[in-house]
Amino acid sequence: MSRYNARTVEPKWQKAWDDAQTFLATRDESREKYYVLEMFPYPSGRIHIGHVRNYTMGDVIARYKSSCGFSVLHPMGWDAFGMPAENAAMAIGGHPKEWTYSNIAAMRDQMKPLGLSIDWTREFATCDPEYYGQQQALFLDFMQKGLVYRKNATVNWDPVDMTVLANEQVIDGKGWRSDALVERRELTQWFFKISDWSEELLAALDGLDNWPDKVKLMQANWIGKSRGLQFGFERTDGGDAIEVYTTRPDTLMGASFVGISPDHPLAKELEAANPEAAAFIAECRKGGTTAEALETGEKLGFDTGIKVKHPLNPDWELPVWVANFILMDYGTGAIFACPAHDQRDLDFCRKYDLPVIDTFFDLDDAKPVETEAFVPLKTEKVKWVNHFAGLDVATGEEAVNATIDFVETAGWGKGVTQYRLRDWGLSRQRYWGCPIPVVHCDDCGVVPEKKENLPIELPDDVTFDIPGNPLDRHPTWRDTPCPSCGKAAKRETDTMDTFVDSSWYFARFTSPHASTPTNMADAEYWMNVDQYIGGIEHAILHLLYSRFFARAMVNTGHLPQGAEEPFDALFTQGMVTHEIYETADNNGRPVYHLPEDVRELVLGNKRIVMLKEGEQVLMHGDKDVGIIERLRKENLLVKVTPSAKMSKSKKNVVDPVDIIDQYGADTARWFVLSDSPPERDVEWTASGAEAAWKFLGRVWRLAAELGDGDDTDLDLERATAQAIREVTLGIETFGFNKSVAKLYEFANAVSKSKAGAGAKRKAVKVLAQLMSPMTPHLSEEIWSHLGGEGLIANAPWPVADEALLVQDTITMPIQINGKRRGEIDVSAEASKEEVEKLALAHDAVIKALEGREPKKLIVVPGRIINVVI
RNA sequence: GCCCGAGUGGUGGAAUGGUAGACACGACAGAUUCAAAAUCUGUUGCCGAGAGGCGUGUCGGUUCGAGUCCGACCUCGGGUACCA
């Protein structure tokens with residue numbers, strides 16, 4: 001009896017699947033299709049345990065659906081453009097292209113041994129000219145439909161490196177390399193008109209029945225539909241009125257000042273004319289562009305000296321301030337502040353000594369606002385003070401509507417629906433991305449490139465020794481004749497946001513080598529993605545952009561009608577987290593280390609984590625308290641920060657290759673599916689892999705030691721039927737951990753059963769089948785050992801015998817006052833009255849009643865009995 | 001700051017508003033062994049000798065009955081438009 005040897009068994013079955021082209025996706029009109037897709041990975045160079053978890057889940061679905069008779073599409077590719085490749089080129093030399101393709105090769109080599117049921121003939125990388133050339137064709141078609149335009153937008157500008165920084169590269173408002181204070185600077189950028197679809201993208205969320213509610217809620221909040229009032233404040237100096245947008249027009253009587261964004265046209269006028277204003281606005285431009293930086297930073301204001309008239313009382317003048325927390329992108333870039341009912345406005349007014357005026361109170365507590373703004377829910381009734389539209393007691397919602405009606409009738413403002421969603425800025429001043437296929441001509445202006453000239457390929461002869469975009473300083477790449485007039489002209493040097501690459505790859509997989517972005521017949525057959533699987537971190541941007549792209553592609557004839565929502569069902573799996581190990585460089589900035597590069601020792605009750613090299617600093621068997629000091633001096637002492645999402649930049653990643661080498665792919669697969677519910681984050685620890693391995697060994701022995709026979713066993717048949725039902729249910733509801741638990745139970749039941757070999761044989765064959773989506777190699781081996789026909793991968797999914805699932809007696813717990821005090825066995829057909837009678841005859845009930853009548857007797861059929869005394 | 005989640009034994013976790021802790025890890029005890037590994041069997045939420053009591057982040061509420069529903073809070077995680 002040989003031991004199960006994954007090292008020889010796994011490659012054997014992988015070769016068998018390859019030879020039989022088991023996972024080749026074919027457009028078979030006679031069969032129903034099933035498209036399962038996991039979010040494709042960024043080729044960082046190594047797969048991590050999170051990838052294994054993600055792709056194993058998709059593989060379980062793909063293999064299960066295939067067993068159920070579907071024609072399955074399960075592709076894989078690489079989200080290959082992006083900053084890390086350029087960073088690597090800067091840090092270690094070399095070229096982003098070589099770095100990326102060698103990473104892809106390495107990761108493919110690490111993934112293949114997992115035995116995933118992927119159709120590798122469809123593989124592509126977004127940095128393949130064949131792919132990004134088609135993306136450029138899409139861009140041109142979008143452009144022709146008016147879905148692309150240019151406007152100014154702010155970027156993070158590093159004044160020392162003279163380059164644009166990504167938000168991630170701005171640390172505490174400073175450039176990551178130069179350490180210089182970052183400035184907000186305006187650049188002309190390319191945009192997709194996603195805002196044309198704001199209402200549509202919001203409304204269509206309702207139809208996404210198989211998406212998690214939390215994702216739909218996040219997207220709805222992100223789109224941020226609001227109804228408010230827009231009107232102008234007349235200036236006392238006769239200048240242009242200041243248009244404001246407010247979602248709380250009902251608080252107009254509590255207005256304290258009018259605030260404008262530092263990027264507001266009026267602010268720019270003042271900047272040119274008034275040195276004090278210019279100094280303040282320069283101050284506002286310091287720091288990064290993120291909403292988080294703006295919201296959490298200190299709120300600063302500047303009194304322009306300009307006054308406006310209150311629209312309801314021409315004698316009431318309000319000052320105009322420039323305030324750094326007002327966004328030019330939202331509404332009109334100007335607001336009025338009502339400090340009594342907005343905490344941020346209140347803090348600002350207290351700081352600059354501006355008035356605070358209450359406009360409404362709690363129904364039974366008319367307490368003036370001091371340091372805490374009164375901000376009840378908009379659905380809560382409040383008591384108004386002198387409301388101009390004649391309100392007394394009303395909710396905020398009613399008040400807003402009444403106010404808009406009042407103002408519209410009076411004619412000095414109008415109700416406006418706004419969306420928070422902004423157009424998608426896709427320009428990046430970087431090399432390693434898809435070139436934007438347009439040409440700048442002195443005579444013709446901005447001209448789209450001709451489709452026959454696509455792909456516009458990136459030049460290979462570039463260097464990364466100095467900061468900035470290598471395309472800008474390339475000697476010849478920019479030079480090209482104008483596609484319109486033929487005169488010498490210059491190429492656009494901006495490349496596309498990598499979110500563009502990932503916004504249509506799912507469509508490209510349906511026909512990955514077509515000479516147009518998609519092939520309609522293939523797209524018609526394979527779209528939509530039936531099950532999309534990926535991280536919750538993509539809940540907003542990637543998924544929203546993809547929804548927009550699908551609409552734009554339907555609009556431009558690249559996808560069929562009905563593909564507007566490209567993902568029928570979405571599952572967001574949790575992240576695999578790990579502690580972060582950190583030391584500091586000479587400038588005190590953090591340096592991160594891989595888990596495999598640190599060592600841990602326990603000194604008394606203290607856990608010390610150090611770099612691997614630290615072992616040399618220590619003496620053999622060192623228990624000295626001076627260790628910490630010595631390690632600190634050598635900068636080998638590691639600071640441990642709590643678990644976070646595994647990310648290459650923080651280096652808190654675990655290499656699954658070790659587990660695969662040691663135990664095999666099936667163990668790794670079984671391990672990542674066990675225990676943790678797929679949607680929840682899981683803290684990675686090394687223990688557990690061994691347990692998975694032991695279990696698989698047990699299942700193998702169970703099969704290998706079986707004799708022959710034609711006996712049957714009713715208990716085993718019952719257990720089999722139950723296992724089929726539960727495991728199937730687990731797979732269909734993404735409860736893989738529950739399927740795994742059920743399989744443990746089933747395997748234990750078989751191994752403990754006293755039934756004959758024939759009965760056990762039947763049970764083990766089903767066990768192998770039920771395990772096959774999770775541990776495909778072991779299952780094939782058992783299947784072939786037990787004389788199963790063909791590949792288990794091609795065997796139809798087992799069906800439970802319903803008759804065996806019916807129970808004739810039920811155990812019902814008896815509660816007394818909600819606490820469990822006993823149980824009774826009743827027939828499944830027992831009437832409520834019979835159950836009541838049996839319950840009242842139970843010892844514990846008689847004892848508790850002491851001869852009295854129960855106050856209440858609750859019988860939930862088949863469930864529980866509660867006696868209330 | 002704002003939006004969205006999560007919190008249950010020593011650990012990962014299970015539980016259509018209906019027996020809290022399924023299943024597994026670990027630990028402990030035993031069998032086997034010259035011994036160990038492997039394997040197998042059993043015990044294992046906490047307090048208590050026991051009867052019993054207490055237990056799902058904290059506080060409050062709804063209910064015959066709350067891990068589950070509602071309100072407030074605490075902690076951790078994700079997103080926050082140039083990380084992917």
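Naming: A, B, ... by sequence-line order, numbering from 1 per chain.
Within the 4.0 angstrom heavy-atom criterion, only backbone atoms of the sugar-phosphate kind lie near A:K752; the bases stay farther away. Among the heavy atoms of the strands lying under 4.0 Å from A:F499 is at least one base atom, whether or not backbone atoms are also near. Residue-level contact check: A:L544 touches neither bases nor backbone, having no heavy atom under 4.0 Å from any strand. Using a 4.0 Å heavy-atom criterion, one finds that A:W222 contacts the bases of the nucleic acid, with or without backbone contacts as well. In this structure, A:V867 reaches neither bases nor backbone, as no heavy-atom distance under 4.0 Å exists between it and the strands shown. Residue contacts shown for A:S427 include a base, since a base heavy atom lies under 4.0 Å away. Within the 4.0 angstrom heavy-atom criterion, only backbone atoms of the sugar-phosphate kind lie near A:P677; the bases stay farther away. Heavy atoms of A:Q169 sit nowhere under 4.0 angstrom from any nucleic acid atom. Contacts of A:V170 with the nucleic acid, taken as non-hydrogen atoms under 4.0 Å apart, are absent. Counting any heavy atom pair closer than 4.0 Å across all strands shown, A:E679 reaches no nucleic acid atom. Within 4.0 Å (heavy atoms only), A:G574 reaches no atom of the nucleic acid at all. Within 4.0 Å (heavy atoms only), A:H538 reaches at least one base atom of the nucleic acid.
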Notebook entry, point to check: Given the rule that a pair is Watson-Crick or G-U wobble with both distances under 3.5 Å, how would you write RNA chain B in dot-bracket, using | for pairs to a different strand?
Noted result: (((((((..(((.....[....)))((((((.......))))))(((....)))..(((((..]....))))))))))))....
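With hydrogens and angles left out, the side-chain atoms of A:T290 and A:N167 include no donor and acceptor closer than 3.5 Å. No side-chain donor-acceptor contact under 3.5 Å links A:W693 and A:Q662. A donor atom on one side chain and an acceptor atom on the other are not found under 3.5 Å apart for A:T809 and A:D825. A donor-acceptor contact closer than 3.5 angstrom links the side chains of A:Q135 and A:D501.
Atom NZ in A:K694 sits about 10 Å away from atom C1' in B:U39, given to the nearest Å. A:I536 places its CD1 atom 12 Å from the P atom of B:C4, with the value rounded to the nearest Å. Atom NZ in A:K214 sits about 16 Å away from atom P in B:G77, given to the nearest Å. Rounded to an integer number of Å, the gap from A:I540 CD1 to B:C2 P is 16 Å. Protein atom CD of A:Q573 is 19 Å distant from nucleotide atom P of B:A84, rounded to whole Å. The CD atom of A:E853 sits 17 Å away from the C1' atom of B:C64 (whole-angstrom rounding). Between A:L696 atom CG and B:A38 atom P the separation is 16 Å, expressed in whole Å. When the P atom of B:G1 is taken as reference, atom CG of A:D345 falls 17 Å away, rounded to whole Å.
Contact annotation: A:T290 side-chain N/O to B:U80 OP1/OP2 distance is not under 4.0 Å. Between A:R680 and B:A14 there is a side-chain polar atom (N or O) within less than 4.0 angstrom of OP1 or OP2. Look at A:K856 and you'll find a side-chain N or O under 4.0 angstrom from OP1 or OP2 of B:C64.
Taking atom C1' on both nucleotides, B:G50 is separated from B:C40 by 34 Å, rounded to a whole Å. Here the separation of B:C34 from B:U43, taken at their C1' atoms, is 29 Å to the nearest Å. Comparing the P positions of B:G7 and B:U58 gives a spacing of 13 Å, expressed to the nearest Å. Between the P atoms of B:G55 and B:U68, the separation comes to 14 Å (whole Å).
Counting heavy atoms of neighbouring residues, nucleotides and ligands inside a 6.0 Å radius, atom NZ of A:K174 does not exceed 12 of them. For A:K847, the NZ atom sits in a loose shell: 12 or fewer heavy atoms of surrounding residues, nucleotides or ligands are nearer than 6.0 Å.
A:N866 places a side-chain N or O within donor-acceptor distance of the main-chain N or O of A:G818, the cut-off being under 3.5 Å. Panel note: side chain A:H51, backbone A:H48; a donor-acceptor pair is recorded below 3.5 Å.
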Show me the donor-acceptor pairs, under 3.5 Å and distance only, between side chains in residues 78-91 of chain A and residues at least two apart or in other chains.
from  : atom 1 : to     : atom 2 : distance (Å)
A:W78 : NE1    : A:E123 : OE2    : 2.8
A:E86 : OE2    : A:Y431 : N      : 3.0
A:E86 : OE2    : A:W432 : N      : 2.7

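Considering only side-chain atoms of A:R701, the nucleotide from B:C40, B:A81, B:C4 that sits closest is B:C40. Of all nucleotides listed (B:A81, B:G1, B:A14), B:A81 comes nearest to the side chain of A:R420. Of the listed nucleotides (B:C64, B:A84, B:A81), B:A84 has the atom at the smallest distance from the side chain of A:P84.
Nearest-nucleotide assignment on RNA chain B puts the 5′-proximal partner with A:T296, out of A:T296 and A:D497. Residues A:S751 and A:N817 both approach RNA chain B. Their nearest nucleotides, taken by heavy-atom distance, put A:S751 toward the 5′ side.
A:D347 has no carboxylate O lying under 4.0 Å from a charged side-chain N of A:R350, or vice versa, which leaves the two without a salt bridge. Salt bridge annotation for A:K351-A:E298: present, with a cationic side-chain nitrogen under 4.0 angstrom from a carboxylate oxygen. Here A:D497 pairs with A:R428 in a salt bridge; the nearest charged N to carboxylate O distance falls below 4.0 Å.
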Checklist line | Summary of protein contacts for nucleotides 15-24 of chain B, nucleotide by nucleotide, where a base hit scores B, a sugar-phosphate-only hit scores S (4.0 Å, heavy atoms) | finding: SB-BB--BSS
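B:G9 shows a glycosidic angle within 90° of 0 and is accordingly assigned syn.
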